[in-house]
Amino acid sequence: MRLYNTLGRAKQEFTPLRGNDVSLYVCGITAYDLCHIGHARSSVVFDVLVRYLRFKGYNVTFVRNFTDVDDKIIKRAAELGLTSQEVAEKYIAEFYVDMDALGVLRADVEPKCTEHIAEMITLTQGLIKDGHAYATLSGDVYFKVRSFEGYGKLSGRNIEDLMSGARVEPGEEKLDPLDFALWKAAKPGEPYWPSPWGNGRPGWHLECSAMSEKYMPLPLDIHGGGQDLAFPHHENEIAQSEAATGKEFARFWVHNGFVQINSEKMSKSLGNFFTIRDILAKFLPETLRYFLLSMHYRSPLDFSFDALEESEKGVRRIYTALLQVEEALAGTKWSKGAFPQEILDELSGYEKGFAEALEDDLNTAAALGHLFGVVRLAGRILEDKALRKTEAARDTLARIQAAVAAWSKVLGVYGLAPAVFLADLKTCRAARAGIDAAQVDALLEKRLEARKAKDFAASDAIRDELAALRVEVKDTPLGQVWDVL
RNA sequence: GGCGGCAUAGCCAAGUGGUAAGGCAGAGGUCUGCAAAACCUCCAUCCUCCGGUUCAAAUCCGGAUGCCGCCUCCA
């Protein structure tokens with residue numbers, strides 16, 4: 001497949017270095033708070049990448065870490081009156097709740113920083129020995145950025161550019177403002193581990209270098225993360241790992257775009273923040289997942305509840321079609337008959353198009369376009385009273401059903417039983433609109449009476465009454481069905 | 001200030017040289033007691049603007065304007 005590689009800033013043909021094996025490392029969360037939509041996007045994007053690589057037959061080793069010791073966690077622990085370990089454990093558990101809801105698969109290895117202190121100390125010792133790092137009197141260890149020739153190659157910066165933005169915090173004993181911490185001496189009350197430089201804890205950038213190398217051979221095939229991690233985090237990882245090992249660190253760097261609110265970055269300081277919980281209180285997880293996949297992973301994605309409602313309609317349309325296909329296939333009487341070749345050709349086109357879309361830098365938005373193509377095709381077959389009873393129609397509908405099922409495994413959407421999803425969706429929408437189901441049922445009962453008496457005026461009056469409650473009634477062969485307007 | 005990205009219909013959005021996917025909304029039609037759903041048809045002579053390259057550009061190059069991100073923790 002073709003993947004956009006930040007290292008080189010171009011789409012490149014991706015093939016694994018070691019036969020059929022693919023190594024993928026993605027920077028996971030710092031466990032100090034509930035996950036927001038940005039985490040959801042990153043997780044879902046790389047989840048689809050893993051699923052797709054596996055779909056293609058690769059043997060993928062997927063490692064995603066947890067940062068479980070860090071300034072923010074320590075700060076949060078102080079606020080909550082907990083230990084930093086307790087805070088990390090709490091939010092790792094919350095992470096799993098959200099990710100399971102979103103259908104994000106577990107990684108093969110999910111290493112925690114605190115369980116790899118020894119590896120990080122060893123890595124740091126090696127860097128000091130080779131002159132790439134130095135310890136200060138107070139027990140900090142810094143990486144000597146100017147000792148690594150390739151620094152800046154990922155983010156496209158040079159040392160001079162960086163100098164203008166660099167600064168030294170008070171109390172830091174850096175030899176050069178560009179240097180970054182590998183090891184931080186413990187301040188009173190902070191969690192610490194013993195080291196050759198005294199008690200302290202690892203710097204953030206160091207973890208990923210140590211943990212990726214432990215579980216996968218270098219170079220990694222793919223290293224992923226959010227766009228903001230490219231600099232300095234990923235740049236620093238490259239410097240540490242390549243300076244320490246002399247090997248290339250990662251061949252492909254994949255970065256997902258940001259979630260924005262009104263075209264601005266979502267952030268706590270701007271107060272435009274939504275957690276995954278906020279969303280799932282009002283919408284089904286699949287709606288959010290579909291929304292996240294409806295744009296290319298590298299584009300900025302503007303979040304709003306209005307946009308989510310639009311996605312909800314899209315999801316509903318597809319499930320509605322799948323339900324109709326399912327119901328049609330449950331029939332038993334099939335006849336011989338002609339079937340238009342053009343429908344089969346169109347279906348082949350969508351099948352091919354879907355595969356090509358993902359092949360081209362994981363273009364899920366384009367892939368969804370082909371999914372809708374197939375949905376329209378199903379509708380066309382089902383709408384034609386003569387056509388839909390033919391054996392060829394049956395076979396084609398089954399082929400559509402199979403195609404969507406296969407695609408759903410890659411995208412992680414449309415995999416539920418349609419009737420179950422649609423029932424959940426109705427409940428979800430009714431709750432959001434504040435609809436009282438008992439009240440609706442009573443009105444529907446009255447309307448049924450009126451309809452039995454052919455009193456359409458009364459029936460329509462009740463329908464208006466229901467509409468005022470944001471309830472829409474449909475008369476189907478099976479009776480009245482209601483949904484949220 | 002340095003580095004980078006984006007600009008496609010009412011809205012969202014795909015599309016990196018061959019003549020504008022898809023979704024939502026909207027209009028007409030089939031169906032229906034009337035509706036709804038579903039289906040069919042229509043809905044950008046044109047891709048922010050100005051130049052250039054080319055037989056051919058939304059797609060490449062130069063410039064302008066606007067928006068955004070990174071350079072500090074951040075998916």
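Here is the naming used below: chain letters follow the sequence lines, and residue numbers restart at 1 for every chain. Not measured: the values here are computed from a predicted model. Below, all heavy atoms of this structure are taken into account, side chains as well, without hydrogens, waters or symmetry copies.
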Engineer: So for A:His36 and B:A75, does any side-chain atom that can act as donor or acceptor lie under 3.5 Å from a complementary atom in the base?
Structural biologist: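 In this structure, the two groups form a donor-acceptor pair.
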
Engineer: Closer to the 5' end of RNA chain B via nearest nucleotide, is it A:Asp70 or A:Glu383?
Structural biologist: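 With A:Asp70 and A:Glu383 compared, the 5'-side residue is A:Glu383.
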
Engineer: B:G2 phosphate, OP1 or OP2: any side-chain N/O from A:Asn158 under 4.0 angstrom?
Structural biologist: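 Indeed not, no polar side-chain atom of A:Asn158 lies that close.
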
Engineer: Check whether any side-chain nitrogen or oxygen of A:Arg380 sits under 4.0 Å from OP1 or OP2 of B:A38, and answer yes or no.
Structural biologist: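 For B:A38, OP1/OP2 do not have a side-chain N/O of A:Arg380 under 4.0 Å.
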
Engineer: A:Lys426 NZ to B:A36 P: how many Å, rounded?
Structural biologist: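 So the NZ-P distance, A:Lys426 to B:A36, works out to 18 Å.
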
Engineer: Can you check whether any acceptor in the base of B:C34 is under 3.5 Å from a donor in the side chain of A:Arg463, or vice versa?
Structural biologist: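 Flag set: donor-acceptor pair detected.
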
Engineer: With heavy atoms under 4.0 Å as the rule, sort A:His296 into base, sugar-phosphate or nothing.
Structural biologist: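 Counting heavy atoms under 4.0 Å across all strands, the contact made by A:His296 is with sugar-phosphate only.
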
Engineer: When you measure only distances, ignoring hydrogens and angles, does the side chain of A:Asp384 come within 3.5 Å of the base of B:C39 through a donor and an acceptor?
Structural biologist: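 Answer no: no donor N or O sits under 3.5 Å from an acceptor.
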
Engineer: Quick one: is A:Arg9 getting a side-chain N or O under 4.0 Å of the B:C3 phosphate, OP1 or OP2?
Structural biologist: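 Looking at the OP1 and OP2 atoms of B:C3, neither is under 4.0 Å from any side-chain N or O of A:Arg9.
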
Engineer: On the nucleotide B:A25, are OP1 or OP2 found under 4.0 Å from the side-chain N or O atoms that A:Lys313 carries?
Structural biologist: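 Yes, because at least one side-chain N or O of A:Lys313 sits under 4.0 Å from OP1 or OP2 of B:A25.
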
Engineer: Using a 4.0 Å heavy-atom cut-off, does A:Glu472 contact any base of the nucleic acid, only the sugar-phosphate backbone, or nothing at all?
Structural biologist: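 A:Glu472: backbone/sugar contact only, no base atoms under 4.0 Å.
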
Engineer: Side-chain N or O of A:Arg298 versus OP1/OP2 of B:G5: is the shortest distance under 4.0 Å?
Structural biologist: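 No, no such contact exists.
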
Engineer: Taking only the side-chain heavy atoms of A:Phe231 (C-beta and beyond), determine which of B:C70, B:C34, B:C74 contains the nearest atom.
Structural biologist: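 Between B:C70, B:C34, B:C74, the one nearest the side chain of A:Phe231 would be B:C70.
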
Engineer: For the side chain of A:Arg447, starting at C-beta, report the closest nucleotide among B:G33, B:C24, B:C40.
Structural biologist: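 The listed nucleotide nearest to A:Arg447's side chain is B:G33.
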
Engineer: Counting just side-chain N and O atoms, does A:Trp482 come under 4.0 Å of either OP1 or OP2 of B:A36?
Structural biologist: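 Result: no.
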
Engineer: Quick one: label A:Gly373 by what it contacts on the DNA or RNA (base, sugar-phosphate, nothing), any heavy atom closer than 4.0 Å.
Structural biologist: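 The residue A:Gly373 makes no contact with any strand.
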
Engineer: So if I take residues 340-354 of chain A and measure heavy-atom distances to RNA chain B, which residues fall below 4.0 Å?
Structural biologist: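 Contacts with RNA chain B under 4.0 Å: none.
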
Engineer: Let me know the distance between CG of A:Asp302 and P of B:A75, rounded to the nearest Å.
Structural biologist: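 Atom-to-atom, A:Asp302 to B:A75, this comes out as 19 Å.
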
Engineer: Between atom CZ in A:Arg76 and atom P in B:C74, what is the gap in whole Å?
Structural biologist: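 That distance rounds to 17 Å.
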
Engineer: Answer with base, sugar-phosphate or nothing: what part of the nucleic acid does A:Val473 contact at a heavy-atom distance below 4.0 Å?
Structural biologist: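 Base contact.
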
Engineer: Closest-nucleotide mapping onto RNA chain B: is A:Leu301 or A:Ser459 further toward the 5' terminus? I mean the 5' end.
Structural biologist: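 Of the two residues, A:Leu301 wins.
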
Engineer: Could you tell me whether the phosphate oxygens of B:A14, OP1 or OP2, come under 4.0 Å of any side-chain nitrogen or oxygen in A:Ser299?
Structural biologist: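 Answer yes for this pair, as a side-chain N or O of A:Ser299 is under 4.0 Å from OP1 or OP2.
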
Engineer: Look at all strands and tell whether A:Arg451 reaches a base, only sugar-phosphate, or nothing, counting heavy atoms closer than 4.0 Å.
Structural biologist: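 It contacts base atoms.
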
Engineer: Record whether the side chain of A:Lys265 comes under 3.5 Å of the base of B:C74 through a donor-acceptor pair of N or O atoms.
Structural biologist: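 Such a pair is found, so the answer is yes.
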
Engineer: Please tell me if A:Arg388 has a side-chain N or O lying less than 4.0 Å from either OP1 or OP2 of B:C39.
Structural biologist: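 No, outside the criterion.
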
Engineer: Name the nucleic acid region contacted by A:Gly226, choosing base, sugar-phosphate or nothing; use a 4.0 angstrom heavy-atom cut-off, strictly under.
Structural biologist: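 The residue A:Gly226 makes sugar-phosphate contact but no base contact.
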
Engineer: Out of curiosity, A:Phe274 CZ to A:Ile279 CD1, how far, rounded to the nearest 0.5 Å?
Structural biologist: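 If we round to the nearest 0.5 Å, A:Phe274:CZ and A:Ile279:CD1 are 6.5 Å apart.
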
Engineer: Without decimals, in angstroms, what is the distance between A:His205 NE2 and B:C74 C1'?
Structural biologist: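 Taking NE2 of A:His205 and C1' of B:C74, I get 12 Å after rounding.
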
Engineer: Please give, in whole Å, the distance from B:G33 C1' to A:Lys454 NZ?
Structural biologist: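 Roughly 8 Å, once rounded to whole Å.
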
Engineer: Run A:Ser155 and A:Glu235 through side chain to side chain donor-acceptor pair (under 3.5 Å) and show every step you take.
Structural biologist: CA-CA 7 Å; A:Ser155 53; A:Glu235 196 72 71; 2.6 Å; yes

Engineer: Going by side chain to side chain contact (heavy atoms under 4.5 Å, CB included), name the residues that satisfy it together with A:Glu359, two or more places apart in sequence or in a different chain.
Structural biologist: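 So A:Glu359 forms a side chain to side chain contact (heavy atoms under 4.5 Å, CB included) with A:Met1, A:Tyr52, A:Lys56.
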
Engineer: Is there a side-chain contact between A:Arg451 and A:Asp475 in this structure, where contact means two heavy atoms from C-beta onward sitting under 4.5 Å apart?
Structural biologist: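 With C-beta onward as the side chain, the pair touches.
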
Engineer: Look at all strands and tell whether A:Val259 reaches a base, only sugar-phosphate, or nothing, counting heavy atoms closer than 4.0 Å.
Structural biologist: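 If one applies the 4.0 Å heavy-atom cut-off, A:Val259 turns out to touch a base.
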
